[in-house]
Number of protein chains: 2
Amino acid sequence: MKPVRVTLADVASMAKVDRAVVSRVVNNDPTLNIRPETRERVLLAVDRLGYRPNVAARSLRTSRAHMFGLFIPDFANPVYAEIIKGAEAAAAALGCVLVTGSATGTGLGGYMDLLGTGRIDGLLLAGAGEGTGLTAELDRAAVPWIMLNRRSPSVQRYVILDDERAARLAVDHLVGQGHRRIAHLAGPDGADTAQRRFAGYSAAMREAGLPDGPIAAADYTPAGGAAAMTELLAAPDPPTAVFVANVASAIGAMDAVRGAGLAIPRQISIVAVHDLELASYLAPPLTTVRMPLEELGRRGVSLLGSIKPDDAIEEVLDGPMNLITRGSTAAPPR
Amino acid sequence: MKPVRVTLADVASMAKVDRAVVSRVVNNDPTLNIRPETRERVLLAVDRLGYRPNVAARSLRTSRAHMFGLFIPDFANPVYAEIIKGAEAAAAALGCVLVTGSATGTGLGGYMDLLGTGRIDGLLLAGAGEGTGLTAELDRAAVPWIMLNRRSPSVQRYVILDDERAARLAVDHLVGQGHRRIAHLAGPDGADTAQRRFAGYSAAMREAGLPDGPIAAADYTPAGGAAAMTELLAAPDPPTAVFVANVASAIGAMDAVRGAGLAIPRQISIVAVHDLELASYLAPPLTTVRMPLEELGRRGVSLLGSIKPDDAIEEVLDGPMNLITRGSTAAPPR
DNA sequence: TCATCAAGGTCAAACGTTTGACTACCTCCC
DNA sequence: GGGAGGTAGTCAAACGTTTGACCTTGATGA
C-alpha cells in the first residue's frame with residue numbers, strides 16, 4: 001500500500017453520497033436520517049479506504065482539539081507515572097489524547113508558546129505552575145485548567161488527595177505498635193502536600209496524647225531525605241519511628257539510618273507516603289501508604305472535560321487509601 | 001482581561017495591512033519585502049492583541065503538525081524518563097511539542113486512532129510497537145517513525161545504543177576484580193537489548209578466557225530479577241559475580257541475594273546496566289553502567305525532523321557511557 | 001386535489017492560515 | 001515616452017471538516 005491521504009470527499013464519492021452524510025455517519029450524528037443500507041455503504045467505504053478524519057480540519061471547524069495537557073515537574077519521579085496512567089485512560093475514554101509535558105524539557109514558559117492557541121482543551125497542573133503567570137495566561141486563552149494535588153494560593157481550582165488521612169494512617173500504625181517518640185521527615189516548605197501531611201501527623205499525634213517529635217524538611221528526593229534523616233537522628237532524644245512524607249525521601253532516609261549504624265526496624269521504624277513496586281525490594285521492605293494517584297489523574301481529566309472556564313473546583317478525592325505494612329516498621333526497642 | 005480569540009484578521013486590521021503580511025511577518029518569511037516601520041506596526045499589533053497562531057488552521061494548511069510522538073511501554077520505568085527529557089528538549093528546539101504516550105493508557109492500537117491523521121509529524125517507538133501492524137499503518141499514513149533502542153526484525157529504521165560496549169564495561173570491571181565465575185541475569189528473550197547485552201557479556205568473557213557462566217532471563221522488573229537471581233544461585237557451582245542486564249531487575253536480584261543469606265559484595269558482586277539516582281541509596285549502593293539515554297531521545301527527535309519517509313536509518317549512537325563504581329562490586333571471596 | 005409531513009438526504013458557508021500569483025506605484029535609463 | 005525592474009504590498013484559493021438550512025420524493029390526510 002502506498003501512502004495516501006484519504007479525505008471525506010474520497011469516501012463520499014466511493015459511497016455515492018454527500019460529504020455531509022459521511023461526516024454524520026462517522027460522528028454518529030443522531031439528527032441524521034439514513035437508510036441502514038446507505039450507512040453500510042458509507043462504513044464499507046470508510047473501511048476500504050482506511051479513512052481517518054484529519055484532526056486539524058476538525059479542530060479548526062469545531063474549535064475543540066480533543067487533546068488534554070498534563071504538566072509535571074519531572075518524569076523521573078515515579079509517583080507521577082500513576083497520575084499519568086489514570087489521566088491517559090480517562091482521556092482515551094473521552095476520545096482524546098493526553099500530552100504530558102515536563103518542566104525538564106522546555107520550562108513552563110515555553111510550554112504555552114508551543115501549545116499555541118487551540119492545541120489543547122484543558123490543562124492539568126500536577127505540582128508545577130504555581131506562582132508563574134501561567135494560569136492567568138490560560139484564563140486569557142479560555143483554556144480550562146486544574147491543579148492536581150496542589151492548591152493554588154489564589155484561585156480555587158484544584159483536586160487534592162486526603163493527605164491528612166494518609167498521615168493519620170501512618171502515624172496511627174506507629175502508635176499502635178507502641179511508638180511514642182515519632183519524628184516527621186516532612187516535605188519541602190513551600191509544598192502544599194507537605195503542609196497537609198504535616199497537619200495530619202500533628203493531629204494524629206495530638207489525638208494519641210503525644211507531643212510532636214522532631215521535624216526536618218526535605219525535598220522529595222533521596223538526597224534530601226538522607227540529609228534530613230541525619231538531622232533527625234542527631235536530636236537530643238532521638239525518635240524510635242519516623243513518618244516520612246514521601247517515598248523517594250524515605251529511600252534516602254533509610255540509607256542515612258544505616259549510615260548511622262542503626263537497624264531498621266529494630267531500632268527505628270520508617271513509614272512513608274506513596275507506594276512503589278520497588279518498596280517491596282528494599283532492605284528491609286518499606287511500609288508505605290498507598291494513595292489513589294491513578295484515580296487522581298482520571299478525575300482531573302474528567303473534570304476538565306466538563307467544567308466551564310469560570311467554575312470553581314475544590315475537591316478532596318476520596319479514593320481507596322491503604323497502609324501497606326512491610327518490614328520497615330515494628331515495635332520500638334524496650 | 002477577558003478570554004479572547006485573536007486571529008490574523010484582527011491583527012491585520014489593527015496594523016492596517018493584509019492578513020498575508022501579518023502571516024509573513026510572524027513566520028519570518030524571507031521573501032517578504034516590507035518597510036521596517038510597517039513591520040513594527042505589525043509586531044506591535046501582535047503584541048497588543050496577544051496574538052497566537054491557531055495551530056489547527058496552520059496544520060490544516062501546511063499539513064505539518066509541529067508535534068512529535070514518543071511511545072513507551074510504561075511511565076513507571078524511570079529509564080524512559082531520561083529518553084523523554086532528551087526528546088522533549090530536542091522537540092522544543094525545533095519549535096515542536098512532544099507528546100508521550102504509554103501502552104498502559106490506551107494500548108498501541110487505540111493510540112493511532114486517537115492520533116488520527118495529521119496529528120503528529122513523526123513517531124518514536126521506544127521499546128514498544130514491535131510485531132504489531134503499527135509500523136505498516138504509520139507508513140501508510142506517511143508518518144515517519146524510528147525505533148529507539150530496539151531494532152525491528154523487518155525494517156531497518158532505528159537508533160540504538162552500544163549495549164555490547166556497556167556489557168563489556170561491566171564484565172571487564174568484574175574480571176579486573178578477579179572474578180572468574182560470572183553469571184548473566186539477562187533481559188527477556190524477545191528483547192533486542194537483551195540480546196545485545198548478552199552478546200557483549202559473552203564476547204567479554206571469551207576475551208578474558210573465561211567460559212560463559214550460568215544465565216537466566218528475566219523481564220525488566222524487580223520481581224523478574226528476584227526470580228532469576230534465585231535460579232542463578234541454585235546453580236551447581238554458583239557465581240561470585242552477576243552482570244545484570246537492567247537496573248530494575250538488579251534491585252530485585254539484590255533482594256534475592258539477601259534472601260539467600262549471602263552478602264553483597266563480600267560473597268557476590270552485582271553490576272547492572274542503567275543508572276538511577278536511587279542506585280546510590282541502595283544497600284549496598286549499586287554499581288551501574290550509565291547509558292546516554294537523554295542523548296538517545298534527542299537524537300531520535302532530530303532524526304525524525306529530517307528524514308524522508310523511506311530513508312533507512314541504522315545508527316548506533318556513541319554517547320558517553322561509563323561505569324559508575326559503587327559498593328556492590330568487590331573482589332571475590334578467596 | 002392540494003397542503004402537510006417525514007424520510008433521506010444535499011448544499012454551501014464557515015473555521016484561520018499559508019502562499020503563489022498578481023498589482024500599483026515609483027525610479028531609472030535609453 | 002516607454003519599457004524594465006524593484007519595492008511594498010494585496011488577492012484569493014486552497015487545506016478537510018462540520019452543521020444549519022434547504023431540497024426532493026413519496027405517502028398521508030382532509
Side-chain angles (χ1 to χ4, degrees), chain A residues 4-43 45-46 49-67 95 115-119 121 141-142, chain B residues 4-43 45-46 49-67 95 115-119 121 141-142:
Chain A
V4 275
R5 196 148 294 277
V6 182
T7 74
L8 265 191
D10 300 325
V11 177
S13 83
M14 180 169 189
K16 312 253 180 260
V17 292
D18 191 84
R19 305 200 308 285
V21 174
V22 181
S23 170
R24 287 176 156 106
V25 166
V26 168
N27 297 331
N28 282 318
D29 184 336
T31 73
L32 174 64
N33 265 326
I34 194 177
R35 257 176 305 199
E37 63 211 73
T38 312
R39 180 189 299 274
E40 272 317 305
R41 262 200 347 269
V42 171
L43 290 175
V46 164
L49 295 173
Y51 169 72
R52 280 176 199 282
N54 177 311
V55 288
R58 170 177 287 183
S59 295
L60 177 56
R61 177 61 223 245
T62 62
S63 59
R64 299 217 34 217
H66 290 276
M67 196 152 112
L115 286 177
T117 293
R119 177 108 65 175
D121 297 330
Chain B
V4 276
R5 196 149 294 278
V6 181
T7 74
L8 264 191
D10 300 325
V11 178
S13 83
M14 180 168 188
K16 312 252 180 260
V17 292
D18 192 83
R19 307 200 306 284
V21 174
V22 181
S23 171
R24 288 178 156 107
V25 166
V26 168
N27 297 332
N28 282 317
D29 184 337
T31 74
L32 173 64
N33 265 325
I34 193 175
R35 259 177 305 200
E37 62 212 73
T38 312
R39 181 190 298 274
E40 272 316 306
R41 261 199 348 267
V42 171
L43 290 175
V46 163
L49 295 173
Y51 169 73
R52 280 176 198 282
N54 177 311
V55 287
R58 169 177 288 183
S59 294
L60 177 57
R61 179 59 225 246
T62 62
S63 59
R64 296 216 39 216
H66 290 277
M67 196 151 112
L115 287 177
T117 294
R119 177 110 63 175
D121 297 329

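Nothing here was measured: the structure is a model prediction, and the numbers come from that model. To find a chain, count down the sequence lines: A is the first, B the second, and so on, and within it residues start at 1.
- Under 3.5 Å, the side chain of B:R19 and the base of D:dG9 form no donor-acceptor pair of N or O atoms.
- C:dC15 atom P lies 8 Å from atom CZ of A:R61, rounded to whole Å.
- Rounded to a whole Å, the CZ atom of A:R64 is 11 Å from the P atom of D:dT19.
- Here the C1' atom of nucleotide C:dT17 and the CZ atom of B:R5 are 15 Å apart, to the nearest Å.
- Note on B:T38: a side-chain N or O is less than 4.0 Å away from OP1 or OP2 of D:dG9.
- Side-chain atoms of B:R52 and base atoms of C:dG16 include no donor and acceptor less than 3.5 Å apart.
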(request) Check the pair A:D10 / A:T7 against side chain to side chain contact (heavy atoms under 4.5 Å, CB included), numbers first and verdict last. (result) CA-CA 5 Å; A:D10 300 325; A:T7 74; 3.6 Å; yes
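- Separating the CE atom in B:M67 from the OG atom in B:S59 is a distance of 8.5 Å, to the nearest 0.5 Å.
- C:dT17 atom P lies 13 Å from atom NE2 of B:H66, rounded to whole Å.
- B:V21 places none of its side-chain heavy atoms less than 4.5 Å from the side chain of B:R41.
- Residue A:R24 contributes atom CZ, which lies 10 Å from atom P of C:dT10 at whole-angstrom precision.
- Atom-to-atom, CG of B:D10 to C1' of C:dC15 comes out at 14 Å; the value is rounded to the nearest Å.
- A sub-4.0 Å separation between OP1 or OP2 of D:dT18 and a side-chain N or O of A:N27 is present.
- One atom, CG of A:L8, and another, C1' of C:dC11, lie 15 Å apart when rounded to the nearest Å.
- Counting to the nearest Å, the P atom of C:dG16 and the CG atom of A:L60 are 7 Å from each other.
- Positionally, the nearest nucleotide of DNA chain C for B:A57 lies more toward the 5' end than for the other of B:D29 and B:A57.
- Side-chain nitrogen and oxygen atoms of B:S23 include none within less than 4.0 Å of the OP1 or OP2 phosphate oxygen of C:dT17.
- Of the possible polar contacts, one joining the A:D29 side chain to the A:T31 backbone as a donor-acceptor pair under 3.5 Å is found.
- Checking the phosphate oxygens (OP1, OP2) of D:dT18, a side-chain nitrogen or oxygen of A:R58 falls inside 4.0 Å.
- Comparing A:T7 and B:R39, the nucleotide of DNA chain D nearest to each residue sits closer to the 5' end for B:R39.
- The base of D:dA8 has none of its N or O atoms less than 3.5 Å from a complementary donor or acceptor on the side chain of B:R35.
- Side-chain contact between B:H66 and B:V55 is absent, with no heavy atoms from C-beta onward closer than 4.5 Å.
- When each of B:V26 and A:D18 is assigned the nucleotide of DNA chain C bearing its nearest heavy atom, the one mapping closer to the 5' terminus is A:D18.
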